[in-house]
There are 2 protein chains.
Amino acid sequence: MDVTEADLPAHDSSDCKAVNAVLGRVGDKWSVLIISRLGDRTLRFNELKREVGGISQRMLTLTLRGLERDGLVTRTVFATVPPRVEYELTALGHSLREPVDALARWALEHQPEIAAANRLYDQRSQRS
Amino acid sequence: MDVTEADLPAHDSSDCKAVNAVLGRVGDKWSVLIISRLGDRTLRFNELKREVGGISQRMLTLTLRGLERDGLVTRTVFATVPPRVEYELTALGHSLREPVDALARWALEHQPEIAAANRLYDQRSQRS
DNA sequence: CAGTATCCTCACGGATACTG
DNA sequence: CAGTATCCGTGAGGATACTG
């Protein structure tokens, strides 16, 4: 979806491609938000849309399709009227939360250092 | 840089923004590649360009500036001729490798499941 | 060698409208 | 409700040329 699946300079082993695909997923803002929202409980399409907030219908659909394709989310359609579709994290999806949370913890832990580095860099490049 | 710094729907706490910024970094293909290449030893600009492979001069510069701004990489200029500029991971940069490697391990470990899910999804959506 | 400057493309993603 | 279809603007990023 968001990863160059095809012909990289050939030094890219299939392992690297798999890793890049996952890194791409994690780098995708919507995917991570959706996964975190689905961590607690299963949600319907519009519930998800409301909970995530700020996502367009289009991107919600596309992102969910991608997550479903990667086996991270299941999509269950109830043949009622009006239609009811529930999205739920798979075991694989749940297992992804651990390394992602580790990354989030790193971010929070080192946020002060990063912010400080930013300020330093910015004031230095200001007196160009 | 690659994160919506400004006005999200306001439900986005500053913590979330910090996490998103880091996730964005990790999702950036070039940043991760550069960090991993700098993990072993310091490298010069063109060494880095060669080692990474497939990156344009422009993106290498931009990515390095971003990494430097976040305090993940140091840029050392030697006033020689021809100029010599060395890039090195900071302690912060090194510490980022741990959670990133955890993610990479997850990717490798679950690659078969993901590939299987992909095949299943694709063949199902084929008989549309 | 280590960049900066410029141009140009195209695909990511938002907005809107329509449907089973 | 849960989508699909379409149009469209923006900007990320490659290619190329130039410079201290």
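Naming convention: chains lettered A, B, ... in sequence-line order (proteins, then strands); numbering from 1 in each chain.
- Atom CZ in B:Arg84 sits about 11 Å away from atom C1' in C:dC1, given to the nearest Å.
- Taking atom CG of A:Leu60 as the reference point, atom P of C:dG14 lies 11 Å away to the nearest angstrom.
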Quick one: which protein N/O atoms are closer than 3.5 Å to N/O atoms of nucleotides 15-20 of chain D? Pair and distance per line, please.
none

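- Rounded to whole Å, the distance from CE on B:Met59 to P on C:dA5 is 16 Å.
- Side-chain N/O atoms of B:Arg65 include none lying less than 4.0 angstrom from OP1 or OP2 on C:dA2.
- If you measure from atom CZ of A:Arg50 to atom C1' of D:dA2, you get 12 Å, rounded to the nearest angstrom.
- Side-chain nitrogen and oxygen atoms of A:Tyr87 include at least one within less than 4.0 Å of the OP1 or OP2 phosphate oxygen of D:dG3.
- Straight-line distance from the CD atom of A:Glu47 to the P atom of D:dA2: 8 Å, rounded to whole Å.
- Between B:Arg75 and the phosphate of C:dG3, there is a side-chain N or O to OP1/OP2 separation shorter than 4.0 Å.
- Atom pair A:Ile55:CD1 and C:dC12:P shows a separation of 15 Å (rounding to whole Å applied).
- One can place NZ of A:Lys29 at 8 Å from P of C:dG14, the figure rounded to the nearest angstrom.
- B:Asp28 has its CG atom 10 Å from the C1' atom of D:dA12, to the nearest Å.
- Remark: DNA chain D takes part in the stems C:1-20 with D:1-20, each of 3 or more antiparallel Watson-Crick or G-U pairs, criterion distances under 3.5 Å.
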